[in-house]
Amino acid sequence: MEHEEYRENPVDDLKERVLELAKRRGFLWPSYEIYGGVAGLWDYGPLGTLLKQKVENAWREIFVVGEGALPIDTPTISVEEVFLASGHLSNFVDLIVECVDCHHTLRADHVVNEYLRGRGMAADLCEPDIAEVCVPSREKTQELIDFYGIACPDCGGPLGKVHDFNLMFATHIGPGTQRKGYLRPETAQGIFSDFPKLLRFFRDRLPFGVAQIGKSFRNEISPRQGVIRLREFTQAEIEVFVNPDKKSIHPRFDEVADVEIAILSKDFVGRATVKAACDRGIIAHQYLAYYVARSQEFFLRVGVHESQLRFRQHLPDEMAHYAVDCWDAEGLTQHGWIELAGIADRTDYDLKQHERQSGLQMTVFVPYAKPKAVERTVVRPKMNFLGPKYKNKAKQVADYLATISDPSGPFIFEGQEIDPLGYVIETTTQSVLGDFITPHVIEPSFGIDRTVYTILEHAYDEDTIDGERRIVLRLPHSLAPVEVAVFPLVKALNEKAVEVFQLLRREGFLVEYDESGTIGRRYRRQDEIGTPCAVTVDHETLENGTVTVRDRDTTKQVRRSIASLAVTLREMLMGGFAMSPS
RNA sequence: GCGGUAGUGGUGUAGAGGCAGCACAAAGGCUUCCCAAGCCUUUAACCCGGGUUCGAGUCCCGGCUACCGCACCA
């Protein structure tokens, strides 16, 4: 998909202007700036924090309230076992080698594979690990570099030692014989770790969804692009546990079937309904398609422009080590198309891995519609024979017999054939009620910080009013960090205006009061931060108890009584209010 | 990590060895006013650390941060 015309009202240097506004008005600040700042760490200022909270609330409304994905809150510090299981310890690593001469840092495994391929050899650096995932080993990479004397592909200089760079922050838990800990690189593992308890909580039935909003950490080698690539960032994730045999049908698919999305995949580029995308096999199954549609609903609600939102299918080689199909929601910004969310089918990878690591069963009992009759042949010990014969070893013999699945015999215990009088071979018909299955996981995972940034960029606008440039942040009304501004037209009206201000606070609005300077300046100040409503107390207020209410986007005003003000404002914030004169 | 460019009040900038200027913003006042008007007053800056020099915002070295390119980004 080409980068289409970006906005109706193109603004030069949009990136700089948005960031300038964000820093100046308290949305985003570089962290620890008094000490020089740190790349990849950013603060939310007061307005940014309110905006972010409202974005998170919109997400909760759709996914927690609307989808019933109940939230949990797990620690950001996790124990080592979690990442042994998840594969992050071995996979969330880049093998890095530095050229001694030109100091380029290179991906060591890429260098080796390229070298081997260039000489017609199989590039076989990958070794399947415990999870059957291809991971190049540091030792083997080093070995091959040494053996072939592989040099820097850029300058031909000698290469240094290969070392791991794990993108997780490591730490220690407690003093003394410390337990290794890591800051989580995704919130998902906290959910997987709680699976047995969650399953019981949801009363042993599929499907169910679990949500978590929280911080995750990745020690990026070189974060760039401001707030787009952070070392500490907020994720909003849902893990939907589903029966793998039922992924093709989502019970509420009808609700979203006609939602149209922009698709970029290897087989199809263009707009289509999620139903069409599903029916034509572009999206693997209804569960993924369903969450793609819900994700779009979320992004549109928080003010991402529809024409600058698309869903891109991962190519097989960029898919995470655990996923089989993955769709990124991407927003078009001045940084190009950036990933705002990933909607992945993680299959049973994580639960299987935690099963192996923890030794606990992570399965769900799924009853059949009708119990199945299954014929089974078993070897049943006869204790009244075995007892007298084997005395204190009788129990061991019986246990051994009970494990036998092939009833053809003979059965040997301690080198001796067991007397056939000691058991009977029985064929019985058993009624099997169901299967133990490992659920598959559908994971919509949202990057909240990137979403907030994209919202700011998409909302940023400049108007020209009477030849003056006016910056307006056209945020969705419900998202504005300041909902209502209250002004006295002149200072003599301060007291009355403060009264209105306090009244609106009591009504639950986020209100700002401003009596400084001229009225026009105060309107502009609020336009910049996206305040949708401005209430002005003027001379008429004292006569008849009415005030003017100004709309941010049109700058049009209507007059309303103070008594009906809260209702009017609430309507405006919900977006359902027509600014018709009254 | 590499290379290039840059870092001066809150923001945008000028100054290129000798008292750090301007504009906008912000605070207070006049104006009593419905869209950044005007006037007065005020607050406020040389990224950090070394070095050279009588003297460094300016020159040199190192670091940090930002932007661009490379590399990286399950």
Side-chain angles (χ1 to χ4, degrees), chain A residues 13 15-17 19-26 29-41 83 86-99 101-107 110-111 133-135 152-155 160 165-168 185-186 188 218-226 228-231 314 317-323 326 335 338-339 342 344 346 349 445 463 465-471 487-494 516-528 534-540 547-550 552 554-557 559:
Chain A
D13 307 323
K15 206 194 304 182
E16 287 75 18
R17 292 192 195 198
L19 206 57
E20 189 271 317
L21 176 69
K23 287 201 274 194
R24 187 161 49 79
R25 296 307 308 270
W29 291 328
S31 298
Y32 310 114
E33 215 177 6
I34 60 167
Y35 298 113
V38 183
L41 297 180
F83 304 115
S86 72
H88 283 92
L89 266 173
S90 49
N91 287 327
F92 200 53
V93 169
D94 289 336
L95 291 180
I96 284 178
V97 67
E98 194 180 331
C99 169
D101 284 351
C102 69
H103 298 291
H104 280 183
T105 301
L106 303 152
R107 278 287 294 271
H110 291 183
V111 172
V133 171
C134 166
V135 187
C152 172
D154 294 343
C155 74
F165 186 78
N166 193 295
L167 268 23
M168 286 193 293
E186 58 173 10
R218 296 175 190 186
N219 200 359
E220 298 284 354
I221 295 170
S222 175
R224 288 279 177 87
Q225 305 175 298
I228 303 301
R229 247 173 95 201
L230 294 173
R231 288 188 164 124
H314 275 206
D317 66 344
E318 73 176 314
M319 212 113 62
H321 57 270
Y322 42 71
C326 184
H335 294 97
I338 60 170
E339 177 189 349
R346 296 181 71 136
Y349 173 81
S445 168
D463 257 3
I465 298 234
D466 301 330
E468 290 270 7
R469 199 186 66 156
R470 177 176 85 117
I471 296 175
F487 310 137
L489 185 61
V490 296
K491 294 235 154 92
L493 299 165
N494 287 2
S516 79
T518 61
I519 189 75
R521 181 183 293 271
R522 286 176 269 165
Y523 286 138
R524 298 296 165 88
R525 211 179 260 149
Q526 295 300 327
D527 290 337
E528 260 191 353
V535 171
T536 302
V537 171
D538 60 14
H539 302 294
E540 241 182 277
V547 292
T548 61
V549 181
R550 171 187 178 269
R552 173 195 73 197
T554 60
T555 78
K556 295 268 185 329
Q557 291 177 300
R559 189 162 275 281

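We name chains A, B, ... by the order of the sequence lines, and we start the count at 1 in each one. Side chains are part of it too, since the values below use all heavy atoms of this structure and drop only hydrogens, waters and symmetry mates.
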Review point. For A:Leu489 and B:U31, what is the distance between atoms CG and P respectively, to the nearest whole Å?
Key: 15 Å
Check your understanding: On a whole-Å scale, what distance lies between the P atoms belonging to B:G57 and B:C46?
Key -> 10 Å
Review point. With a 4.0 Å cut-off on heavy atoms, is A:Lys23 in touch with a base, just the backbone sugar-phosphate, or nothing at all?
Key: nothing
Exercise for review: Please report, rounded to the nearest Å, how far the C1' atom of B:A36 is from the CZ atom of A:Arg524.
Suggested key: 5 Å
Exercise for review: Whole angstrom is fine here: how far is it from CH2 in A:Trp29 over to P in B:U11?
Suggested key: 11 Å
Point to revise | Pairwise P distance, B:U13 and B:U8 [rounded to whole Å] | key: 9 Å
Practice item. Summarise protein proximity over nucleotides 62-68 of chain B in one line of letters, 5' to 3': B for base, S for sugar-phosphate only, - for none, counting protein heavy atoms closer than 4.0 Å. Key: --SSSSB
Distances under 3.5 Å only, N/O to N/O: pair up the protein atoms with those of nucleotides 24-26 of chain B.
{"residue": "B:A25", "atom": "OP1", "partner": "A:Arg521", "partner atom": "NH1", "Å": "2.9"}
{"residue": "B:A25", "atom": "OP1", "partner": "A:Arg521", "partner atom": "NH2", "Å": "3.2"}
{"residue": "B:A26", "atom": "OP1", "partner": "A:Arg525", "partner atom": "NE", "Å": "2.8"}
{"residue": "B:A26", "atom": "OP1", "partner": "A:Arg525", "partner atom": "NH2", "Å": "2.3"}
{"residue": "B:A26", "atom": "OP2", "partner": "A:Arg521", "partner atom": "NH1", "Å": "2.6"}

Review point. Given atom CG of A:Asn494 and atom P of B:C33, what is their separation to the nearest angstrom?
Key: 15 Å
Review point. Do A:Arg550 and B:C35 share a donor-acceptor pair, side chain to base, under 3.5 Å?
Key: yes
Check your understanding: Are A:Arg521 and A:Glu528 close enough for a salt bridge, meaning some N to O gap below 4.0 Å?
Key -> no
Exercise for review: Not counting sequence neighbours, which residues clear side chain to side chain donor-acceptor pair (under 3.5 Å) with A:Glu33? List them please.
Suggested key: none
Exercise for review: For B:G63 and B:C73, measure between their P atoms and round to the nearest Å.
Suggested key: 25 Å
Practice item. Identify whether any heavy atom of A:Asp527 sits under 4.0 Å from a base atom; if not, whether one sits that close to sugar-phosphate; answer base, sugar-phosphate or nothing. Key: nothing
**Study point:** A:Leu493 CG to B:C34 C1', straight-line distance once rounded to whole Å
**Key:** 12 Å
Check your understanding: If you measure from the C1' atom in B:G12 to the same atom in B:A6, how many Å do you get, rounded?
Key -> 15 Å
Review point. In whole angstrom, what separates A:Arg470's CZ from B:A36's C1'?
Key: 11 Å
